[in-house]
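Structure first, then comments.
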Amino acid sequence: MNGFTPTRNLALELVRVTEAAALAAGRFMGRGDKNAADKAAVDAMRLVLNSIEINGVIIIGEGVKDEAPMLYNGERVGSGDTGLELDIAVDPIDGTRPLAYGRSNSIATVAIAPRGSMFDPGPFVYMNKIAVGPEAKGKVHIEASICENLKAIASAKGKSIEDLTTIILDRPRHDDMVSEIRKCGARIRLIPDGDVAAALMTAWPDSGIDVLFGIGGTPEGVLAACALRAMGGEIQGKLYARDNNELRRGREMGYDFEKVLTMDDMVASEDVFFAATGITDGELLKGVKYFGNGASTDSLVVRGLTGTVRQINATHRWDKLNSLSAIKY
């Protein structure tokens, strides 16, 4: 584990990061301004990350430095150079469009792991994925056909294929996958965005989701892997090139687009921490609820080393928060 020995449960500190992002971004639900929502979430997330006694580097972020105030790849966060040395993955808003247009399943997410243990996708932002919960772990393979995987999942869960619910991003690139799922007889939940939440739903008993298929974000795949390690599920992926130029460039940089990326490839340590807070209501988490002098949040926090999964419902008071924080909620 790269010599990393946790001295505290960082998941309980990370949840402050996602709560802050959700509280700041939740004000923008339905207002049609993705950029303003994203900036609010990033500003809040950065402020709280920098208050934690860690020496962190953003491995999964929002691009290069000149795109600040985004949390950019390579940015250092934490209270100083003396803290724990960590890789950090962030998605301040997984589901910016659902948030901007008042739809479901928008969440704020962050994950940390020992330095050098997270997969760095570089500029290659798309990945073909399959994710399942604990019962189907070890039973699926991304290079198997859709029907073969559905049969394996149905057998593992003691269901018929017709009782399985798949989840997939609603994109033209998935038309063939959707057709194959329909031929196999499984149910389909098409979503506009938010495939971190979608992957986690496969390991969340009350969500009703059995498997995630399809091409989504590589950063989101790494974040989901961090959570699913602790939740007992599984995700596999393969980098996806959007065109021949991207494929050539990736190969020149040493990336293998044929390699099946397992959870161990995406995050090579069990000592991983993950937190997510709901921004809008969804199957995974409730969204932020505002009232006269504060708000409530619903969060999921997991610790890979112990396999502990916590759901945290919190009430926040504006008079207290605003007297202490540079972010005005």
Side-chain angles (χ1 to χ4, degrees), residues 34 38 42 56-68 70-77 86-97 109-131 140-143 167-177 191-200 212-229 234-269 272 274:
K34 294 191 298 179
D38 221 11
V42 168
V57 176
I58 303 291
I59 300 298
I60 303 291
E62 298 287 348
V64 296
K65 185 173 181 177
D66 61 7
E67 293 180 357
M70 308 307 289
L71 282 155
Y72 58 86
N73 296 350
E75 180 176 353
R76 291 187 173 273
V77 294
L86 301 169
D87 288 344
I88 302 179
V90 298
D91 193 348
I93 303 175
D94 176 48
T96 51
R97 275 184 292 186
T109 67
V110 63
I112 59 177
R115 180 69 51 81
S117 62
M118 274 189 193
F119 176 70
D120 184 352
F124 306 106
V125 296
Y126 282 97
M127 174 188 287
N128 190 17
K129 310 171 205 175
I130 183 170
V140 298
H141 198 282
I142 194 166
E143 293 185 326
I167 193 164
I168 189 168
L169 288 168
D170 188 6
R171 300 287 189 274
R173 63 177 178 262
H174 292 147
D175 287 349
D176 289 343
M177 285 188 184
I191 56 172
D193 291 282
D195 61 344
V196 176
L200 269 57
L212 164 78
F213 288 116
I215 298 161
T218 307
E220 288 83 354
V222 175
L223 276 158
C226 291
L228 289 171
R229 285 201 79 127
E234 180 179 13
I235 185 169
Q236 297 173 18
K238 292 179 73 173
L239 290 176
Y240 176 81
R242 289 171 287 183
D243 54 43
N244 288 332
N245 286 334
E246 190 167 88
L247 181 62
R248 175 186 51 77
R249 186 159 58 102
R251 287 173 174 167
E252 289 173 354
M253 294 174 66
Y255 286 90
D256 184 353
F257 287 80
E258 298 304 316
K259 177 180 171 61
V260 174
L261 297 170
T262 66
M263 284 199 297
D264 286 336
D265 294 309
M266 294 187 218
V267 57
S269 174
V272 64
F274 173 90

| said: Given 3.5 Å as the limit, does a donor-acceptor pair link the side chain of Asp87 with the main chain of Met118, or not? | reply: yes

| In chain order, what residues pass the salt bridge (charged side-chain N to carboxylate O under 4.0 Å, His left out) check against Asp120, with sequence neighbours excluded? | none

| query | So, the side chain of Tyr255 versus the backbone of Phe124: is there a donor-acceptor pair under 3.5 Å, distance only? | reply | no

| task | Could you tell me whether Asp243 and Arg248 make a salt bridge, using a distance below 4.0 angstrom between a side-chain N and a carboxylate O? | result | no

| remark: Rounding to 0.5 Å, atoms CG (Leu261) and CG (Asn128) come to a distance of 11.0 Å

| message | Check whether Asp170 reaches the backbone of Pro192 with its side chain - one donor and one acceptor, N or O, closer than 3.5 Å. | response | no

| said: A side-chain contact here means heavy atoms from C-beta on lying under 4.5 Å apart; do Glu75 and Ile88 qualify? | reply: no

| said: Please check this pair: side chain of Asp91 against backbone of Glu220, looking for a donor-acceptor N/O pair closer than 3.5 Å. | reply: no

| message | Using only atom types and a distance under 3.5 Å, with no angle test, would you say the side chain of Arg171 pairs donor to acceptor with the backbone of Ile215? | response | no

| query | For Lys259, what residues pass the salt bridge (charged side-chain N to carboxylate O under 4.0 Å, His left out) criterion, not counting sequence neighbours? | reply | Asp265

| message | Please check: side-chain N/O of Asp193 versus main-chain N/O of Arg97, any donor-acceptor pairing under 3.5 Å? | response | no

| N/O donor-acceptor pair under 3.5 Å between Thr262 side chain and Gln236 backbone | no

| field | Ser269 (side chain) donor-acceptor with Ala113 (main chain) under 3.5 angstrom | value | no

